[in-house]
Amino acid sequence: MDLRRTGQLFGWLFLGTFVTSIPARLLFVDGAGASWSNMRFVAGDASSTSLKWAALLEFGLIVTQLGTALVLFPIARRQSETIALGYVTARTIESVFAAIGLVSMLSLVSVISAMNGASGSETVALQAQGDSLAHAYEWAFEWGPGLVAGIGNGLLLGYLMYKSALVPPRLALLGLIGGPILILSFLLILAGVYKNGEGPSGLLTLPEAVWELLLGVYCAWKGFRTASPLAEQARRREPVLSG
């Protein structure tokens, strides 16, 4: 296995999660007519076009998330099969939450269409339905990128990268630091201390975001380090040809 090329593929897939996730979130918020810190359904400001584009990007996020786990697993299992499988599981769970949010927000397109010509109690019912779908998306967003990402991309991936030295260990420390901080932020939001996007939530999310971005950039640029013990292990397993 070519560690450098595999690492570059991993890096580009990781960067793909940034390219898809952030615009998808912004378009979902715009499509619902809401704001980042107050996710709800505002019929007068809602946009079906934004919701459809966001759904496409969110699907791209699911693909790239699963791609990072599948590309890394054959290498990471040499370090720890249990932790490597745990990372694949975390990425899968995170993608399930993303899919829940995608379906919830895409269902708003039908609500927006039904709002045209509705009146009286029907409008009230559709408004309540729209709010429920928007809130379902928000909870999926909190549990996916807010909690599972801290466990998977922060703790598990940070540990794998630190122990294997596939990337510089000092870089991997960011994951081991950022993951628990992101989990703490999720718990504070769950406890109602503040809402996502308010108070210190952005600051507490920053270490994990920096870790993921730098990891993607480093790997896309240089690939996995050939100085890693895993690279030496792979070389020892290569058959020696003679004649």
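Both backbone and side-chain heavy atoms feed into the values below; hydrogens, waters and symmetry mates do not.
- Residues Leu147 and Ile183 form a side-chain contact, since some pair of their non-hydrogen atoms from C-beta on lies under 4.5 Å apart.
- A continuous path of hydrophobic side-chain contacts links Leu13 to Tyr218 [ILVMFWY only; heavy atoms under 4.5 Å].
- Here the side chains of Thr17 and Arg91 are in contact, with some heavy-atom distance below 4.5 Å.
- Taking each heavy atom of Ala84 and Arg77 in turn, the nearest pair found is CB-N, 3.7 Å.
- Looking at heavy atoms from C-beta onward, Trp143 lies out of side-chain contact with Val148 at the 4.5 angstrom threshold.
- The two residues Asp30 and Ser50 have their closest heavy-atom pair at OD2-OG, 2.7 Å.
- A donor-acceptor contact shorter than 3.5 Å links the side chain of Gln127 to the backbone of Phe41.
- Linking ILVMFWY residues whenever their side-chain heavy atoms come closer than 4.5 Å, directly or via other members, leaves Phe10 and Trp221 in distinct clusters.
- With rounding to the nearest 0.5 angstrom, the CG atom of Leu214 is 6.5 Å from the CG atom of Leu174.
- Follow the hydrophobic side-chain contacts under 4.5 Å out from Leu51 and you reach Phe59 in the same cluster.
- Glu94 places a side-chain heavy atom less than 4.5 Å from the side chain of Asn153.
- Between atom OG of residue Ser228 and atom CG of residue Leu166 there is a gap of 4.0 Å, rounded to the nearest 0.5 Å.
- Atom CD of residue Glu138 and atom NZ of residue Lys195 lie 9.5 Å apart, to the nearest 0.5 angstrom.
- Looking at Leu61 and Leu102, their side chains never come closer than 4.5 Å, going by heavy atoms from C-beta outward.
- In terms of heavy-atom proximity, Gly11 sits nearest to Cys219 at CA-CB, 3.6 Å.
- The number of heavy-atom neighbours closer than 6.0 Å to CH2 of Trp36, taken from other residues, nucleotides and ligands shown, is above 12.
- The heavy-atom pair separating Leu85 from Phe73 by the smallest distance is N-CE1, 3.8 Å.
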Inset, instruction - List the steps, then state whether side chain to side chain contact (heavy atoms under 4.5 Å, CB included) holds for Val103 with Leu106. - result: CA-CA 5 Å; Val103 173; Leu106 198 56; 5.8 Å; no
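- The side-chain heavy atoms of Val109 and Lys52, taken from C-beta on, include a pair separated by under 4.5 Å.
- Hydrophobic clustering keeps Phe141 apart from Ile189 (ILVMFWY residues linked when any side-chain heavy atoms are closer than 4.5 Å, directly or through intermediates).
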Inset, instruction - Carefully, step by step, assess Trp211 and Leu157 under the rule side chain to side chain contact (heavy atoms under 4.5 Å, CB included). - result: CA-CA 11 Å; Trp211 150 242; Leu157 184 58; 4.2 Å; yes
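- The distance from the CG atom of Leu215 to the CE atom of Met161 is 5.5 Å, given to the nearest 0.5 Å.
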Inset, instruction - For the pair Phe224 and Leu72, evaluate side chain to side chain contact (heavy atoms under 4.5 Å, CB included) and give the outcome as yes or no after the intermediate values. - result: CA-CA 10 Å; Phe224 293 138; Leu72 181 64; 3.7 Å; yes
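- Within the 4.5 Å cutoff, side-chain heavy atoms of Leu15 are placed close to those of Leu213.
- Closest approach of Ala134 and Met105 over heavy atoms only: CA-SD, 4.1 Å.
- Here the straight-line distance linking atom CG of Leu160 with atom CG of Leu155 works out to 11.0 Å at 0.5 Å rounding.
- When only modelled atom types and interatomic distance are considered, Ser185 and Tyr194 share a side-chain donor-acceptor pair under 3.5 Å.
- Rounding to the nearest 0.5 Å gives a distance of 11.5 Å between CD of Gln79 and OH of Tyr162.
- Linking Ile, Leu, Val, Met, Phe, Trp and Tyr whenever their side-chain heavy atoms come within less than 4.5 Å leaves Ile151 and Leu182 in two separate clusters.
- Environment of CZ in Phe97: crowded, with over 12 heavy atoms of neighbouring residues, nucleotides or ligands closer than 6.0 Å.
- Side-chain atoms of Arg225 and Pro169, non-hydrogen and from C-beta on, do get closer than 4.5 Å to each other.
- Taking both residues in full, the closest heavy atoms of Ala54 and Leu27 are given as CB-CB, 3.5 Å, listed atom of the first, atom of the second, then distance.
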